[in-house]
Amino acid sequence: MRLLMLGTGGMARLHVKGFNEIDGVEIVAAVDTDEARLTEFRELHGIPRGFLSLEDALAWGEFDAVTNITPDRVHYPTTMQILDAGKHVFCEKPLATDHARALEMTEKAETLGLINMVNLTYRNVPQLQKAHELVKSGAIGAVKHIEASYLQSWLVSKSWGDWRTSPTWLWRLSTKHGSNGVLGDVGIHILDFAAYAAGVDYATAFFRLQTFNKAPDSRIGEYDLDANDTFIMTAEMDNGAMAAIHATRWGSGHLNDLRLRIYGEKGGIEVTDTNFNPKLMTCLGDDVDAAKWTEVTVEPTPTNYARFTEAVRSGVNAEPSFRHAANLQRIIDLAFVTEKDRVEHKANGSPAKAV
Ligand SMILES: NC(=O)c1ccc[n+]([C@@H]2O[C@H](COP(=O)([O-])OP(=O)(O)OC[C@H]3O[C@@H](n4cnc5c(N)ncnc54)[C@H](O)[C@@H]3O)[C@@H](O)[C@H]2O)c1
């Protein structure tokens, strides 16, 4: 598979690593509108060609697929162009900035019969795959209750650099720059993580979003800091199970930590991923009476990069697909509706709306 990389920022290096591990993949060119970044990236990874626009790369056309690693708001216009050019697309999450665009992308890819996948990265975690398998096999019985969180701390910690001076973090804080805040950025991961492991989907949801004041007039340069930086969600799943899910960028002591617990009628499962160190624990059988948890060892599973490559080879699409990501986007859109309703009701002095 001849692969074009679109975007050479922070996440792009993980795509190079992920695709370089797979036989038969050749990264033939990279595109970035920032020439300095593009040059540095190509030199570092030995990428033979570079383009300053997607249009120039499409005019050249000597590739089979594109991995789209641009900022969230750029996914829609660029992916539509790539699909129109008849190339397969592996797109970063979130697929788009709203459900309508995500659905348009999905329908175009499906109509044209092109491979379309979204990089919900935690699908790469074997412990998550094993949890999904265990739940599907009935190990914990019918799922009743889910709790999940995704904690980052880059609004407090400088471990990943200073967000005040870095465009990589600043666009994530600004709706004008296409960000849906922590919900769109990492909330989408934990929503997928929880529902995938539990083998269920979201039926209804209620959200609270909060954006804290972080700078004078809530602005730094061209960035209005108006995107949510903490959210709390309650949901009912399509099997009737209840879920409490939250995420924040204010989680001191947690650089990048996911935690999921699923409780069923026969037992429980916990999947954690603490700064990229995953762990799976179960409480099953006799352990339930003793409230004892046991770690489960797992075998490696194929990454999204491998599954996308295989899908392009075989011509059969794989998960997580555009359609799956568009469905998640529908839930995220609902957050803004429930948040707006709550505010309007409060402004009118009437009680917050219950969903
Ligand atoms: N799956 C994950 O775990 C994960 C982790 C981090 C980021 N991401 C996603 O990856 C994407 C990129 O994030 P990032 O942190 O690398 O951002 P970034 O800002 O560091 O990099 C984005 C790059 O895209 C370039 N760019 C912008 N518009 C472009 C265009 N029209 N054509 C070509 N290049 C363009 C920018 O110049 C920049 O170099 C985002 O959608 C983000 O949500 C996913």
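Starting from 1, each residue takes its place in the sequence as its number. All ligand and atom numbering here is 1-based and tracks the order in the structure. What you see is a predicted model; the values in this text were computed from it and never measured.
- Annotation: Gly10 places an N or O atom under 3.5 Å from an N or O atom of ligand 1; distance criterion only.
- The pair Lys108-Asp84 meets the salt-bridge criterion, since a charged nitrogen lies less than 4.0 angstrom from a carboxylate oxygen.
- Side-chain contact of His324 with Asp192: a donor-acceptor pair under 3.5 Å is present, judged by distance alone.
- Atoms of ligand 1 found under 4.0 Å from any heavy atom of Ile69 (numbered from 1 in listed order, with element): 11 (C), 12 (C), 22 (C).
- Under a 4.0 Å criterion applied to the non-hydrogen atoms of Gly9, ligand 1 contributes the atoms 16 (O), 20 (O), 21 (O), 23 (C), 39 (O).
- Looking only at protein heavy atoms, the nearest one to atom 36 (C) of ligand 1 is Asp32 OD1, 3.4 Å.
- Residue, atom and distance of the protein heavy atom nearest to atom 16 (O) of ligand 1 are Met11 N, 2.8 Å.
- Taking the ring centroids of Tyr223 and His177, they lie under the 6.0 Å cut-off.
- With ligand atoms numbered from 1 in the order given, ligand 1 contributes 32 (N), 33 (C) to contacts under 4.0 Å with heavy atoms of Leu6.
- Of all atoms in ligand 1, listed by their number and element, those nearer than 4.0 Å to a heavy atom of Asp34 are 37 (O).
- The aromatic ring centres of His88 and Phe308 sit 6.0 Å or more apart.
- Closest to atom 18 (P) of ligand 1 among all protein heavy atoms lies Arg37 NH1, 3.8 Å.
- A cation-pi geometry, defined here as NZ or CZ lying under 6.0 Å from the six-membered ring centre and within 45° of its normal, holds between Arg101 and Tyr76.
- Residues Gln129 and Arg123 share a closest heavy-atom pair of NE2-O, 2.8 Å.
- Polar contact with ligand 1: present for Asn119 (N/O pair, distance under 3.5 Å).
- Thr33 CG2, 3.8 Å is the protein heavy atom nearest to atom 30 (C) of ligand 1.
- Residue-level proximity to ligand 1 for His189 is carried by the side chain, the only part with a heavy atom below 4.0 angstrom.
- Taking each of Thr168, Thr70, Asn68 in turn, the one with a heavy atom nearest to atom 11 (C) of ligand 1 proves to be Thr70.
- Using bins of under 30°, 30° to 60° and over 60° for the plane-to-plane angle, the ring pair Phe90/Phe19 lands in the perpendicular bin.
- Residue-level proximity to ligand 1 for Leu120 is absent, since no heavy atom of it falls below 4.0 angstrom.
- Of all protein heavy atoms, the one lying nearest to atom 24 (O) of ligand 1 is Pro71 CD, 3.5 Å.
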Run the numbers on Glu310 and Arg307 for salt bridge (charged side-chain N to carboxylate O under 4.0 Å, His left out), then give the verdict.
CA-CA 5 Å; Glu310 181 50 32; Arg307 276 185 282 119; over 6 Å; no
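- Panel note: side chain Asn116, backbone Asn317; no donor-acceptor pair is recorded below 3.5 Å.
- Heavy-atom proximity to His75, at under 4.0 Å, picks out these atoms of ligand 1: 41 (O).
- With a heavy-atom cut-off of 4.0 Å, Arg172 touches ligand 1 through its side chain alone.
- For ligand 1 and Thr121, the ligand atoms under 4.0 Å from any heavy atom of the residue are 1 (N), 2 (C), 3 (O).
- The nearest heavy-atom contact from the protein to atom 31 (N) of ligand 1 is Val74 CG1, 3.5 Å.
- Under a 4.0 angstrom heavy-atom cut-off, Trp171 registers as being in contact with ligand 1.
- Atom 42 (C) of ligand 1 has Asp72 OD1, 3.6 Å as its closest protein atom, hydrogens excluded (heavy atom only).
- Of the candidates Lys214, Arg249, Arg172, Lys214 is the only one forming a salt bridge (Lys or Arg N to Asp or Glu O under 4.0 Å) with Asp229.
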Can you list the steps and then say if Arg219 with Asp226 is a salt bridge (charged side-chain N to carboxylate O under 4.0 Å, His left out)?
CA-CA 8 Å; Arg219 179 175 301 142; Asp226 60 348; over 6 Å; no
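- With hydrogens left out, the protein atom closest to atom 44 (C) of ligand 1 is Glu92 OE1, 2.9 Å, a heavy atom.
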Would you sort out whether Ile220 and Trp163 count as a side-chain contact (heavy atoms from CB on, under 4.5 Å), showing the intermediate values?
CA-CA 10 Å; Ile220 293 182; Trp163 64 267; 3.7 Å; yes
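- Between the side chain of Thr78 and the backbone N or O of Val74 there is at least one donor-acceptor pair closer than 3.5 Å.
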